[in-house]
Amino acid sequence: MTRFQEKVYNIVRTIPCGRTMAYAEVAKAVGRPRAYRAVGNALNKNYDPIVPCHRVIRSDGKIGGYNRGQKLKEKLLCEETR
DNA sequence: CCCCTGACACTTA
DNA sequence: ATAAGTGCCAGGG
């Protein structure tokens, strides 16, 4: 586990319910505003349920991807954003 | 060390 | 508004 991913997971973990963060936002939080690609990579490799990666969406407001299936991510967001 | 990949973002056509 | 191209960062082979 690299420090980068560790930081990314930490940030994503701080995302409260009904709240979403863009990959760029997380990247800025970790100190790499231009590393949104790496952030997505980290989350993609991450399979830990302790990290609400489904709260992380694209800056466009789109769902983006999810290691468990975007459909599920969309559903989860809808449920908690409710 | 170099090349490829990836859950993105921005610019231009 | 949508599609395609380019730029970016980190990890793995």
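Here is how names work: the chains are called A, B, and so on, in the same order as the sequence lines, proteins then strands, and each is numbered from 1. What you see is a predicted model; the values in this text were computed from it and never measured.
Salt-bridge annotation for A:D60 and A:K62: absent, with no side-chain N of the basic residue lying under 4.0 Å from a carboxylate O of the acidic one.
Of all the heavy atoms in A:C53 and A:Y66, the pair that sits closest is SG-CE1, 3.7 Å. A:R55 approaches A:C17 most closely through the heavy-atom pair NH2-SG, 3.3 Å.
In the model, A:H54 has no side-chain atom that pairs as donor or acceptor with a side-chain atom of A:E74 under 3.5 Å.
Look at CZ on A:R32: it is 11 Å from P on C:dG11, rounded to the nearest Å. Distance A:K7 NZ to C:dC9 P: 14 Å, rounded to the nearest Å. Protein atom CZ of A:F4 is 11 Å distant from nucleotide atom C1' of C:dC8, rounded to whole Å. As rounded to whole Å, 11 Å separates atom P of C:dA1 from atom NZ of A:K62. Rounded to whole angstrom, the span from the CG atom of A:N67 across to the C1' atom of B:dT5 amounts to 17 Å. If you take CD1 of A:I63 and P of B:dA9, they are 13 Å apart, rounded to a whole angstrom. Distance A:K28 NZ to B:dC10 P: 9 Å, rounded to the nearest Å. With rounding to whole Å, A:K45 atom NZ is found 12 Å from B:dA7 atom C1'.
Between A:V56 and A:L43 the shortest side-chain heavy-atom distance falls below 4.5 Å.
Checked by distance alone, A:Y36 brings no side-chain donor or acceptor within 3.5 Å of a matching partner on the base of B:dA9. Judged by distance alone, with hydrogens and angles left aside, A:R37 brings a side-chain donor or acceptor within reach of the base of B:dC8, the pair sitting under 3.5 Å.
Out of C:dC9, B:dA7, B:dA9, the shortest distance to the side chain of A:A38 is found at C:dC9. Here the nucleotide nearest the side chain of A:S59, chosen from C:dC9, C:dG12, B:dC8, is B:dC8. Comparing atom distances between the A:D60 side chain and each of B:dA9, B:dA7, C:dC9 picks out B:dA9 as nearest.
A close approach under 4.0 Å does occur between a side-chain nitrogen or oxygen of A:R58 and OP1 or OP2 of B:dC8.
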